[in-house]
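Some notes on the structure that comes next.
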Amino acid sequence: RLRVLSGIQPTSGSFHLGNYLGAVRQWVSLQETHDAFYMVVDLHAITVAQDPAVLRENTRVSVAQLLGAGLDPERCTLFVQSHVPEHAQLAWVMNCLTGFGEASRMTQFKDKSAKQGADSTTVGLFTYPILQVADILLYQADQVPVGEDQRQHVELTRDLAERFNSRFGQTFTVPKPYIPKETAKIFDLQDPAAKMSKSASSPKGLISLLDDIKASAKKFKSAVTDTDTVIAYDEKAKPGVSNLLSIYSAISGRPVEELVAHFDGKMYGALKTELADYYSEWVAPIQERTRTYLDDPAELDKVLARGAEKARAVAAPTLAETYDRVGFLPPA
Ligand code: AQP
């Protein structure tokens with residue numbers, strides 16, 4: 001069985017549809033065919049300021065939501081990143097292997113730090129991709145299911161794995177990104193040129209899975225499209241309509257061509273209303289299951305304790321071998 005690893009940040013009270021379609025949906029299907037490791041990455045979350053109580057709460061909600069979305073702790077290893085200290089430990093070694101210029105080329109850092117300004121940008125945000133390298137390499141992952149925005153970080157992981165292996169001897173599996181084209185990038189409903197993101201300029205463009213369902217339905221109905229009237233898939237000429245078709249196709253399992261034929265001769269309003277209705281039905285059981293897990297904190301703790309144990313069983317030997325390869329004296 002090939003191994004997959006991925007993570008998601010507990011930085012808001014709910015995942016958004018981009019997180020779900022770009023990543024979590026693939027996680028759920030890959031747990032059936034792969035040796036799957038999934039984590040809530042709280043170490044990554046503190047690269048921007050977090051309120052401690054809120055972070056703790058959001059971490060629990062994230063885990064409950066992953067379970068609500070269909071992760072099964074019997075089929076995958078689900079854990080919280082800070083429960084496995086090897087992540088931070090391997091990250092230091094990787095920091096010392098990464099060029100400053102190389103890290104400076106990461107576009108996500110450039111975008112986020114430009115938005116935040118130099119004074120509120122932390123060194124942690126700068127080295128975030130290198131922690132991600134450690135996350136992946138610790139588990140000798142073959143594939144990394146992520147959205148398109150993470151491709152550059154997986155490329156960095158490949159470069160560092162190869163660099164380490166050629167300098168110190170074969171140690172790490174060189175992973176590949178796993179990015180299905182159809183949902184690689186979900187766009188903001190109000191600004192179809194921008195990716196759907198929790199730091200979007202307007203909350204109207206963002207669909208958070210745990211939000212009030214009626215409010216989300218309304219957002220679909222007021223999504224920005226274009227002045228044409230034909231429902232067709234064309235990312236360049238019709239980014240708004242294409243985004244709605246991608247979302248509808250992904251959650252319903254109906255191919256885009258089938259949807260386009262279905263809406264032949266109909267107006268944009270028909271697509272928006274039908275999608276809003278479909279989404280409402282689709283998300284209700286996810287919300288319901290998430291609530292069930294949140295109502296049972298003891299069960300959640302049990303899942304996470306078992307997950308951390310399984311994760312450490314893989315991470316600890318990788319870290320020990322890495323320390324040995326770089327020449328650290330083993331403790332007596
Ligand atoms: N719009 C998106 N389309 C497809 N995939 C997406 N992902 C995020 N946005 C989209 C994927 O979701 C996974 C988890 O990402 P994360 O925990 O790093 O969340 P994020 O990138 O911080 O989410 P945001 O909303 O994009 O945050 P900000 O606003 O801070 O930049 C990843 O696999 C990611 O690719």
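Every number for a ligand or one of its atoms is a count from 1 in the order of the listing.
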Would you mind checking which non-hydrogen protein atom is closest to atom 13 (C) of ligand 1, with the distance to 0.1 Å? Ala23 CB, 3.8 Å
What atoms of ligand 1 come within less than 4.0 Å of a heavy atom belonging to Ala184? 3 (N), 4 (C), 5 (N)
What atoms of ligand 1 come within less than 4.0 Å of a heavy atom belonging to Met196? 1 (N), 2 (C), 9 (N)
Between Ser14 and Leu210, is there a donor-acceptor pair closer than 3.5 Å when you use the side chain of the first and the backbone of the second? yes
Provide the number and element of each atom of ligand 1 under 4.0 Å from a heavy atom of Gly22. 4 (C), 5 (N)
Please tell me whether Phe109 and Tyr128 form a close aromatic pair, meaning their ring centres lie under 6.0 Å apart. no
Heavy atoms, side chains only, cut-off 4.5 Å: are Val63 and Leu304 in contact? yes
Given that the side chain starts at C-beta and the backbone is N, CA, C, O, which of these parts of Lys112 lies under 4.0 Å from ligand 1, counting heavy atoms, or is it both or neither? side chain
Is the shortest heavy-atom distance from the side chain of Thr225 to the side chain of Lys272 under 4.5 Å? yes
Are the ring centres of Phe263 and Tyr268 closer than 6.0 Å? no
Taking C-beta and beyond as the side chain, do Val224 and Leu189 meet within less than 4.5 Å on heavy atoms? no
Where the side chain of Asp42 meets the backbone of Ala45, is there a donor-acceptor pair that is under 3.5 Å apart? no
For atom 26 (O) of ligand 1, the protein heavy atom that lies nearest, with its residue and separation: Lys195 NZ, 2.6 Å
Counting only heavy atoms closer than 4.0 Å, does ligand 1 sit against the backbone of His16, its side chain, both, or neither? side chain
Of all the non-hydrogen atoms in the protein, which one sits nearest to atom 12 (O) of ligand 1, and at what distance? Asn19 ND2, 3.1 Å
Between ligand 1 and Lys185, is the shortest N or O to N or O distance under 3.5 Å? no
Contact partition for Tyr128 relative to ligand 1, non-hydrogen atoms under 4.0 Å: side chain
Answer yes or no: is there an ion pair linking Asp35 with Arg1, defined by an N-O contact shorter than 4.0 Å? no
Residue pair Ser216 / Ile207, side-chain heavy-atom distance below 4.5 Å: yes
Glu321/Arg325 ion pair, N-O < 4.0 Å: yes
Could you identify the single nearest non-hydrogen protein atom to atom 24 (P) of ligand 1 and state the distance to 0.1 Å? Lys198 NZ, 3.5 Å
Looking only at protein heavy atoms, which one is nearest to atom 28 (P) of ligand 1, and how far off is it? Ser199 OG, 3.5 Å
Within reach of ligand 1, part of Asp149 (heavy-atom separation under 4.0 Å): side chain
side-chain contact (heavy atoms from CB on, under 4.5 Å) test vs Pro177 passes for just one of Arg151, Gln152, Gln143, namely Arg151
Taking side chain as C-beta onward, heavy atoms only, is Lys185 less than 4.5 Å from Met196? no
Test of understanding: given a 4.0 Å heavy-atom threshold, classify the contact between Ser6 and ligand 1 as side chain, backbone, both, or neither. neither
Considering only protein heavy atoms, which is closest to atom 33 (O) of ligand 1, and at what distance to one decimal place? Gly147 N, 3.2 Å
Quick one: does Ser12 get within less than 4.0 Å of ligand 1, heavy atoms only? no
Identify the protein heavy atom lying closest to atom 17 (O) of ligand 1, giving its residue, its atom name and the separation to 0.1 Å. Gln9 N, 2.7 Å
I need the nearest protein heavy-atom contact for atom 6 (C) of ligand 1: residue, atom name and distance, please. Gly18 O, 3.3 Å
Atoms in ligand 1 with a heavy atom of Ser197 nearer than 4.0 Å: 25 (O), 26 (O), 28 (P), 29 (O), 31 (O)
